[in-house]
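I have placed the structure first, in the form of structure tokens, so that the comments after it can refer back to it.
In listed order, ligands and their atoms are each counted from 1. Basis for what follows: all heavy atoms, side chains included, without hydrogens, waters or symmetry-related copies.
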Amino acid sequence: MRDFSRDHRALSLNTATVRKQGDLVAIIEAAARHGITAIAPWRDQVAAVGLDRAVRAARDAGLAFSGYCRGGMFPADAAHAEAARDDNRRAVDEAKAFGAPCLVLVVGGLPQFSRPGSAASKDIGAARRQVEDGIGELLDHARDVGMPLAIEPLHPMYAADRACVNTLAQALDICDALDPGRSGMLGVAADVYHIWWDPNLYPDIKRAGRERLLAFHVCDWLVPTRDLLTDRGMMGDGVIDIRSIRAAVEAEGFDGFSEVEIFSELDWWQRPMDEVLKTCIERHKTVV
Ligand code: ZN
């Protein structure tokens, strides 16, 4: 297992962590100022400053990438299917423009939440089939462009609105169905926030193996959790045994970035950007 205690070379900043404190260009400048070597930007933050400007700023700062957030939201009714398809192809192309190592997929839940305006449905089985079909179709484009797709299973509390893929096992079943040859073009983003509780976590990390482990995200699970989406904790402030999960991921050969991704309306989004980044770095050394 790698020693993170001496420096933060392996830390990547998911730019949502400081999304309220500045635009993407300001975040890139702050990351560089703190010696952070990689980021994972969000599409809405990129769109706000313009793709070309964002790519240039990241390049000028010498930053690498741990992923691009995000594609997905596949379930849609017939009237919204084409828009979903086009949107995902654009996400792949944007990820390529940055030279990101993967496009992270948050696959979507029921169609009315995944693609608003779609007819309401309670059929989560159908949504899951649409997810698999959508990833299969996008994978053709991703292969053409050379952009790996990383399915991020989300905690089951998001099954209705954000992702009906809720465990590593489910994500890996999709990978095995669509990419049986383990080509490296389809895998998972393992986010400790979403998978720490899973009784099958460690066998599933082993099952994923090096070829399927495309990204590793860290934050912490707070007790109590005050908001379903925006109350993620700073590493070390919650109950996740982050280091054991990282050890398991690295035992499979994963040697990529550990990406800090914290949505925290009540706490970290309220603090100055430099304080948040300083704390991320310190906790990365001591608890990740
Ligand atoms: Zn994540």
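For the Zn ion (ligand 1), the N/O/S atoms of E152 include one lying under 2.8 Å. At a threshold of 2.8 Å, the Zn ion (ligand 1) has a backbone or side-chain N, O or S atom of H217 nearer than that distance.
Classification of the W196-W221 ring pair by plane angle, with boundaries at 30° and 60°, yields tilted. Aromatic ring orientation, Y158 versus H194: perpendicular (interplanar angle above 60°, classes split at 30° and 60°).
Using a distance-only test at 3.5 Å, with no hydrogens or angles considered, a donor-acceptor pair links the side chain of R210 to the main chain of L213.
Centred on the Zn ion (ligand 1), the angle running from D191 (OD2) to E261 (OE1) is recorded as 90°, rounding to 10°.
Using a 4.5 Å heavy-atom cutoff, the side chains of R246 and V288 are in contact.
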